[in-house]
Amino acid sequence: MRTVVLTKGVPDFREGQVSFDEDGHLERGKTPTVMNPNDKHALRAALQTRVRNGGTVSLMSMGPPGYEEVLQEGMTDVYADDCYLLSDREMGAADTWATAMTVATGIQNLEESPDLVFAGFKTADGETGHTGPQTAWCLGMPLVTHVVALDVDEEAGTLRAKRLVEGDVEEIETVETELPAFVVADPEFEPTYRKAAHRLAWKDLREETRERAESFEDHLTVWDHADLNLDPDYIGLDGSPTIVAGVDPIPRAPSEREATVVDPDDESGMEQVFDELAPYAAGD
């Protein structure tokens with residue numbers, strides 16, 4: 001079983017981590033980069049498949065050299081065998097389409113074609129949710145989105161998945177498709193390891209990955225557009241058909257907050273806390 005997981009670095013939007021310029025625009029160079037939170041669900045889905053079915057897992061990302069740290073973190077999370085970073089200036093400022101085409105070419109450039117490709121629900125910065133489905137289209141793979149549970153039958157060459165219908169947690173459908181396939185994991189995805197053999201396999205992988213993570217650079221491959229034989233006119237900003245009509249500045253995070261300590265035994269003070277929270281609880 002050959003698996004690839006896509007991941008992306010995004011600005012750390014936690015309070016106190018974001019830097020803005022005088023116009024209120026995000027300063028990416030001064031804002032720490034972290035793994036896109038939704039990619040964690042894709043990593044969990046890939047890890048479950050790896051533990052249950054064996055095989056190898058590769059991580060792939062497109063971005064600046066700083067994304068190496070994101071890949072290293074992902075290697076620990078998914079117990080990856082190797083990582084690929086697609087990176088050079090020609091790939092910069094790409095929209096979802098140019099990113100998908102570049103990433104799909106990276107996947108096609110691997111020595112062995114994957115049986116499964118996993119991606120997260122959407123990124124914390126763009127939030128379009130387009131790149132995963134567009135990459136699946138470029139690869140010509142069947143696409144299953146909003147996946148909350150999955151089973152792979154390697155012998156039959158099929159994938160059976162439970163997915164939310166239009167993201168609604170109240171409505172779930174079961175679908176089946178042939179491998180190779182592309183899976184977009186939903187934030188509701190929860191891996192399961194019911195068999196003792198699965199839990200033992202998980203433990204062994206954790207030990208192996210600890211050793212690999214210590215020599216991360218030995219398992220990292222960096223490709224530029226020339227390595228992938230990509231025409232600069234069709235990637236990066238030049239290859240992006242998206243036209244941005246306008247940008248709303250991100251509100252500045254408050255630099256300081258006043259805190260009031262309330263003793264839980266202080267009945268009057270607690271009543272005041274409940275009075276202040278009531279409008280938020282009511283949705284006002």
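Nothing fancy with the numbering, it's 1 onward along the sequence.
- Side-chain atoms of Q48 come within 3.5 Å of backbone atoms of L150 as a donor-acceptor pair (strictly under, hydrogens ignored).
- Partners of R160 by side chain to side chain donor-acceptor pair (under 3.5 Å), not counting sequence neighbours, listed by chain and number: E176.
- At least one donor-acceptor pair closer than 3.5 Å links the side chain of D95 to the backbone N or O of A98.
- With sequence neighbours left out, E207 forms a salt bridge (charged side-chain N to carboxylate O under 4.0 Å, His left out) with R210.
- When each of T3, T221, D82 is tested with S58 by the rule side chain to side chain donor-acceptor pair (under 3.5 Å), just one qualifies, namely D82.
- Proximity of a side-chain donor or acceptor of R50 to a complementary backbone N or O of A80 within less than 3.5 Å is not detected.
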Show every donor-acceptor pair shorter than 3.5 Å between a side-chain atom in residues 265-273 and any protein atom, with sequence neighbours excluded, or say none if there are none.
from, atom 1, to, atom 2, distance (Å)
D266, OD1, S268, N, 3.3
D266, OD1, G269, N, 3.1

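- Considering CD of E154 and OG1 of T49, their distance stands at 10.5 Å, rounded to 0.5 Å.
- Here the options are D77, D39, N36, the test is side chain to side chain donor-acceptor pair (under 3.5 Å), and the partner is T7; only D39 passes.
- L237 belongs to no hydrophobic cluster with other residues, because no ILVMFWY side-chain heavy atom falls under 4.5 Å from its own, directly or through intermediates.
- Of the candidates E171, E173, H146, R163 forms a side chain to side chain donor-acceptor pair (under 3.5 Å) with just one, namely E173.
- Applying the side chain to side chain donor-acceptor pair (under 3.5 Å) test to H130 and every residue at least two apart in sequence or in another chain returns nothing.
- Other members of the hydrophobic cluster containing M141, listed by chain and number, are V4, L6, M60, M62, Y84, L86, M91, M101, V103, I107, L110, V117, L139, L143, F182, V184, W223, L228, L230, Y234, I235; membership follows side-chain contacts under 4.5 Å among ILVMFWY residues, whether direct or relayed.
- Of all heavy-atom pairs between G9 and V70, the closest is CA-CG2, 4.0 Å.
- By the 4.5 Å heavy-atom criterion applied to side chains, I172 and V165 are not counted as neighbours.
- Cluster annotation: L116 and W137 are assigned to distinct hydrophobic clusters (Ile/Leu/Val/Met/Phe/Trp/Tyr, side-chain heavy-atom contacts under 4.5 Å, transitive).
- When all heavy atoms of D224 and D88 are compared, the closest pair comes out as CB-OD2, 3.2 Å.
- When hydrophobic side chains of Ile, Leu, Val, Met, Phe, Trp and Tyr are connected at separations under 4.5 Å, L200 ends up as a singleton with no cluster partners.
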Between L71 and F216, does a side chain to side chain contact (heavy atoms under 4.5 Å, CB included) hold up when you go through it step by step?
-> CA-CA 9 Å; L71 288 170; F216 166 73; 4.0 Å; yes

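- The nearest pair of heavy atoms linking G236 to S240 is O-OG, 2.6 Å.
- A heavy-atom distance below 4.5 Å is found between the side chains of P232 and H225.
- Rounding to the nearest 0.5 Å gives a distance of 12.5 Å between OG1 of T33 and CD of E68.
- For the atom pair L43 CG and L59 CG, the distance stands at 6.0 Å (nearest 0.5 Å).
- Of all heavy-atom pairs between P114 and P180, the closest is O-CB, 3.5 Å.
- Looking at D81, its side chain does come within 3.5 Å of a backbone N or O of V57 through a donor-acceptor pair.
- A search for side chain to side chain donor-acceptor pair (under 3.5 Å) contacts involving S87 returns nothing, not counting sequence neighbours.
- Between the side chains of S113 and R2, no donor-acceptor pair is found at a separation under 3.5 Å.
- Although no hydrogens or angles enter the test, the distance criterion places no donor-acceptor pair under 3.5 Å between the side chain of N53 and the main chain of M1.
- Under the rule for a side chain to side chain donor-acceptor pair (under 3.5 Å), the partners of Q134 that lie at least two apart in sequence or sit in another chain are T96.
- F121 belongs to no hydrophobic cluster, as no Ile, Leu, Val, Met, Phe, Trp or Tyr side chain comes under 4.5 Å of its own.
- By the salt bridge (charged side-chain N to carboxylate O under 4.0 Å, His left out) test, K122 pairs with no residue at all, sequence neighbours left out.
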Yes or no on side chain to side chain contact (heavy atoms under 4.5 Å, CB included) for L179 and T158, after CA distance, side-chain angles and deciding distance?
-> CA-CA 5 Å; L179 301 177; T158 58; 5.8 Å; no

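- Proximity of a side-chain donor or acceptor of Y193 to a complementary backbone N or O of H198 within less than 3.5 Å is not detected.
- Legend: residues meeting salt bridge (charged side-chain N to carboxylate O under 4.0 Å, His left out) with E73, ordered by chain and number and at least two apart, are K40.
- Summarising the geometry, atom CG belonging to D151 is positioned 8.5 Å from atom NZ belonging to K162; distances are rounded to the nearest 0.5 Å.
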